[in-house]
**Student:** 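Please read through the structure below; I'll follow up with questions.
Values below: all heavy atoms of this structure, side chains included; hydrogens, waters and symmetry mates excluded. Here is the naming used below: chain letters follow the sequence lines, and residue numbers restart at 1 for every chain. It should be emphasised that the depicted structure is a prediction, and the values quoted were computed from it without experimental measurement.
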There are 2 protein chains.
Amino acid sequence: MNITEQAAMALAVQLLGQRNVLKDHAITQARVLVEAELKGHPSHGLQRLPRVLKRIERGLIDPRTEGEGRWRSGVILDVDGQSGLGPVVAMAALRRLDERIGASGMALAAIRNNNHLGMLAYYVEQIAAGGRIGIAMSSSEALVHPYGGTRAMLGTNPIAIAVPTTGRPLVLDLATSTVSMGKIHYHAANGRPIPPGWARDADGLPTTDAARATKGAIAPFGGAKGYGLGIAIELLVAALAGSALAPDIRGTLDDQSICNKGDVLIAIDALAAPDLAGRLADYLDAVRASPAADPDHPVSVPGDGADRRRQASLSRGFDVEPQLWDELNALSLSASSVH
Amino acid sequence: MNITEQAAMALAVQLLGQRNVLKDHAITQARVLVEAELKGHPSHGLQRLPRVLKRIERGLIDPRTEGEGRWRSGVILDVDGQSGLGPVVAMAALRRLDERIGASGMALAAIRNNNHLGMLAYYVEQIAAGGRIGIAMSSSEALVHPYGGTRAMLGTNPIAIAVPTTGRPLVLDLATSTVSMGKIHYHAANGRPIPPGWARDADGLPTTDAARATKGAIAPFGGAKGYGLGIAIELLVAALAGSALAPDIRGTLDDQSICNKGDVLIAIDALAAPDLAGRLADYLDAVRASPAADPDHPVSVPGDGADRRRQASLSRGFDVEPQLWDELNALSLSASSVH
């Protein structure tokens, strides 16, 4: 069914508010989920909200904290997320980076004990909106097998990068797996096979059976190079945040465990040369205008598709599975049961 | 023919010294090239030395400068490479980062007007040897087409990451192209076809003819994701260093033009938690020990192969094409012609 941004925000904020989340924090958490819907990434959208609510109810998310940051050196902020809402802790950390970056030109937040951030693009977009380069990385449960391996040993280890220009910023947001586990679950739920090369089953054998793949491991993207990037992010995040490594990570996909993955957020001042941001925009336009292999599919730049879908969703609404919308409405607590 | 590390270093240092390069600088430039040979990457090894020498002779490389660094903010060092030798300028920049990083925990060098660095792994290994996380990125001539595009618009835009552990550091070093242009030239020189998917010709059509591919464009690695990473690096480097964008870059592959690409070097203190570096080493060992798809090819971690080849090369020497070795020896100037 077609849902408007306003309706989605209102329901999400209400459900969070009913569970002792401060209004501002509820808006932050809801915004991250609704932005994913607007951009056409429902795997990171409202379908994650029931789990967030359940985690609050079970005490796995502290609905009142913003986490606690401490500068462990001049430009590195150590953040204990105190099991807060992922986006609330991350946005509080970004605000703290402003204390130092004006003078330093660069600052980094290393976050442990935090819940799932949602799409990383959101955070680097906030940094780019302030005129700075943003880089974000997270670790996750072991879902990805090494290149040449068969067992899930790495997280999906996403990285997002935004670079401001005088036009739209470049916004990259990618998991280092070939696909998301969410997409494989989606195929399984619909009884569809998955393409060869996406995944292996619990025995380590290649499979096109989506249901078997959900118990196995996803392939890294881009062969040895994508695997290399993924394992580098795995180590970077753990080395900076002191968070767990993939085989020991829990809590981003379940409603049973404290979340012990890590997040790293970096903001960097670009060079303030007079025409630089304009040259970057011109370059991106030249890439977009360069010849396409298929004339029906012009070349695009990371962030273009999400931006196009977002504009359309803002004016025309977006699709939500009716069962999910019903489920969310059913999670609304009656006034008497609200804290 | 089989060449020892000592013989290669001696010849390279001699050839550079004959062209007015200071002894220490000659050792630095030679070391970067010889390390690539030791690690089994001859495309970044001695075959690049004749071009370096010719660029010095033509005034495209200033053999005496280390470049000039200026802190443009607390932890960002602006480096004008002054057309110095790439590795000499980069290593001088890394030493300057030490001025600030002790207190700040993180520092970045943005380098313009510098010559080719050689393999980026070398620099992040130096940073990791000091116990820090190292990240390096460079831009290059337009050689890579966008995902869904046909014309070379991006550089090969390599990234290297090293993370220290109590064991061997993880050392990732990858170009964001499917292959290097050097490899395509190698196929062309040997009259061999290239696999489908590697490249397009000057007309933008897919080709397996290596000679035609050298005039065309290489595919990005890993489809849309690898393209996204490559274009993000393209913008990051230009935004930080103020260097040119790929279509305007010259001077890393020719002996005709001043080099106007950019380099970014970042050093970051890892968290000083008591057992962290040991946990990272244990994790990498667990990945290596995880089941392999092919029992004859155990799972490895980025840097393992290069390290294994390096150890073998140090004890048994490495192969150099006899023509290249002859060419290098012929470039030795008689005593009377030395400056």
**Student:** Heavy-atom distances under 4.5 Å only: say whether B:A244 touches chain A with side chain, backbone, both or neither.
**Tutor:** backbone

**Student:** Start with the C-alpha gap between A:N157 and A:V237, add the side-chain angles, then the distance that decides, and say whether side-chain contact (heavy atoms from CB on, under 4.5 Å) holds.
**Tutor:** CA-CA 9 Å; A:N157 300 358; A:V237 171; over 6 Å; no

**Student:** Side chain, backbone, both or neither: which part of B:A273 has a heavy atom under 4.5 Å from chain A?
**Tutor:** neither

**Student:** Pick one of side chain, backbone, both or neither for A:T165, based on which atoms fall under 4.5 Å of a heavy atom in chain B.
**Tutor:** side chain

**Student:** Is A:L276 close to chain B through its backbone or its side chain, or both, or neither, when contacts mean heavy atoms under 4.5 Å?
**Tutor:** side chain

**Student:** Among A:G228, A:P291, A:A232, which residue forms the greatest number of heavy-atom pairs with chain B at distances under 4.5 Å?
**Tutor:** A:P291

**Student:** Could you tell me which of B:P164, B:P302, B:G303, B:G148 has the largest number of non-hydrogen atom pairs under 4.5 Å with chain A?
**Tutor:** B:G148

**Student:** Decide yes or no for B:K261 and B:S140: does some side-chain heavy atom of the first lie under 4.5 Å from some side-chain heavy atom of the second?
**Tutor:** no

**Student:** What part of B:I231 gets closer than 4.5 Å to chain A, counting heavy atoms only: side chain, backbone, both or neither?
**Tutor:** both

**Student:** Can you tell which part of A:A272 gets under 4.5 Å to a heavy atom of chain B, answering side chain, backbone, both or neither?
**Tutor:** neither

**Student:** Relative to chain A, which of B:F221, B:Y227, B:Y147 shows the most heavy atom pairs under 4.5 Å?
**Tutor:** B:F221

**Student:** Can you give me the closest heavy-atom contact between B:A152 and B:G216, atom names plus distance?
**Tutor:** CB-O, 4.2 Å

**Student:** Between A:V75 and B:S104, is there a side-chain heavy-atom distance shorter than 4.5 Å?
**Tutor:** yes

**Student:** Quick check on A:L284 against chain B: is it the side chain, the backbone, both or neither that has a heavy atom closer than 4.5 Å?
**Tutor:** side chain

**Student:** Which region of B:S300, side chain (C-beta onward) or backbone (N, CA, C, O), has a non-hydrogen atom less than 4.5 Å from a non-hydrogen atom of chain A, or is it both or neither?
**Tutor:** backbone

**Student:** Do you know which of B:M106, B:R151, B:M153 has the most heavy-atom pairs under 4.5 Å to chain A?
**Tutor:** B:M106

**Student:** Of all heavy-atom pairs between B:S138 and B:I233, which one has the smallest distance, and what is that distance?
**Tutor:** O-CG2, 4.1 Å

**Student:** Tell me, side chain or backbone of B:S290 under 4.5 Å from chain A's heavy atoms, or both, or neither?
**Tutor:** side chain

**Student:** On a heavy-atom basis, which atom in A:A93 and which in A:V79 lie closest, and how many Å separate them?
**Tutor:** CB-CG2, 4.0 Å

**Student:** Could you look at B:L108 and say if it's the side chain, the backbone, both or neither that has a heavy atom under 4.5 Å from chain A?
**Tutor:** both

**Student:** Highest number of heavy-atom pairs under 4.5 Å with chain B: which of A:L174, A:V299, A:T150?
**Tutor:** A:T150

**Student:** Using non-hydrogen atoms only, which part of B:R100 is less than 4.5 Å away from chain A: side chain, backbone, both, or neither?
**Tutor:** neither

**Student:** A:I101, A:V171, A:L280, A:L235: which one forms the most heavy-atom pairs within less than 4.5 Å of chain B?
**Tutor:** A:L235

**Student:** Is there a side-chain contact between A:S139 and A:S243, using heavy atoms and a 4.5 Å cut-off?
**Tutor:** yes

**Student:** Do you know which of A:D269, A:I159, A:L245 has the most heavy-atom pairs under 4.5 Å to chain B?
**Tutor:** A:L245

**Student:** Within a 6.0 Å radius of atom CD on B:E99, are there more than 12 heavy atoms belonging to other residues, nucleotides or ligands?
**Tutor:** yes

**Student:** With a 4.5 angstrom heavy-atom cut-off, is it the side chain or the backbone of A:D173 that approaches chain B, or both, or neither?
**Tutor:** neither

**Student:** Heavy-atom distance under 4.5 Å to chain A: side chain of B:A286, backbone, both or neither?
**Tutor:** both

**Student:** So which residue, A:P146, A:A293, A:A246, ends up with the most heavy-atom pairs under 4.5 Å with chain B?
**Tutor:** A:A293

**Student:** With a 4.5 Å limit on heavy-atom distance, are the side chains of A:E68 and A:N113 in contact?
**Tutor:** no

**Student:** Looking at A:A219, is its backbone amide N or carbonyl O close enough to the side chain of A:T178 to form a donor-acceptor pair, meaning the two atoms are under 3.5 Å apart?
**Tutor:** yes

**Student:** Is it the backbone or the side chain of B:I76 that comes under 4.5 Å from a heavy atom of chain A, or both, or neither?
**Tutor:** both

**Student:** Can you see which heavy atom on A:R309 is nearest to which on A:K39, and at what distance?
**Tutor:** NE-O, 2.6 Å

**Student:** Could you tell me whether B:D285 and B:R288 have a side-chain N and a carboxylate O separated by less than 4.0 Å?
**Tutor:** yes

**Student:** Measuring heavy-atom distances to chain A, does B:A110 have an atom under 4.5 Å in its side chain, in its backbone, in both, or in neither?
**Tutor:** neither

**Student:** With a 4.5 angstrom heavy-atom cut-off, could you sort out which part of B:L236 is near chain A: side chain, backbone, both or neither?
**Tutor:** both

**Student:** Less than 4.5 Å to any heavy atom of chain A: does that hold for the side chain of B:D248, its backbone, both, or neither?
**Tutor:** neither

**Student:** Less than 4.5 Å to any heavy atom of chain B: does that hold for the side chain of A:V301, its backbone, both, or neither?
**Tutor:** both

**Student:** So, the side chain of B:E234 versus the backbone of B:G155: is there a donor-acceptor pair under 3.5 Å, distance only?
**Tutor:** yes

**Student:** Does any part of the side chain of B:L77, heavy atoms only, come nearer than 4.5 Å to the side chain of B:L265, both counted from C-beta?
**Tutor:** no

**Student:** So which heavy atom on B:V124 is nearest to which on B:A136, and how close?
**Tutor:** CG1-N, 3.7 Å

**Student:** Looking only at heavy atoms, which two atoms of A:P298 and A:A292 are closest? And how far apart?
**Tutor:** CA-CB, 4.0 Å

**Student:** With chain B as the partner, which of A:A270, A:G222, A:A239, A:G105 has the greatest number of non-hydrogen pairs under 4.5 Å?
**Tutor:** A:A239

**Student:** Can you tell which part of A:L154 gets under 4.5 Å to a heavy atom of chain B, answering side chain, backbone, both or neither?
**Tutor:** both

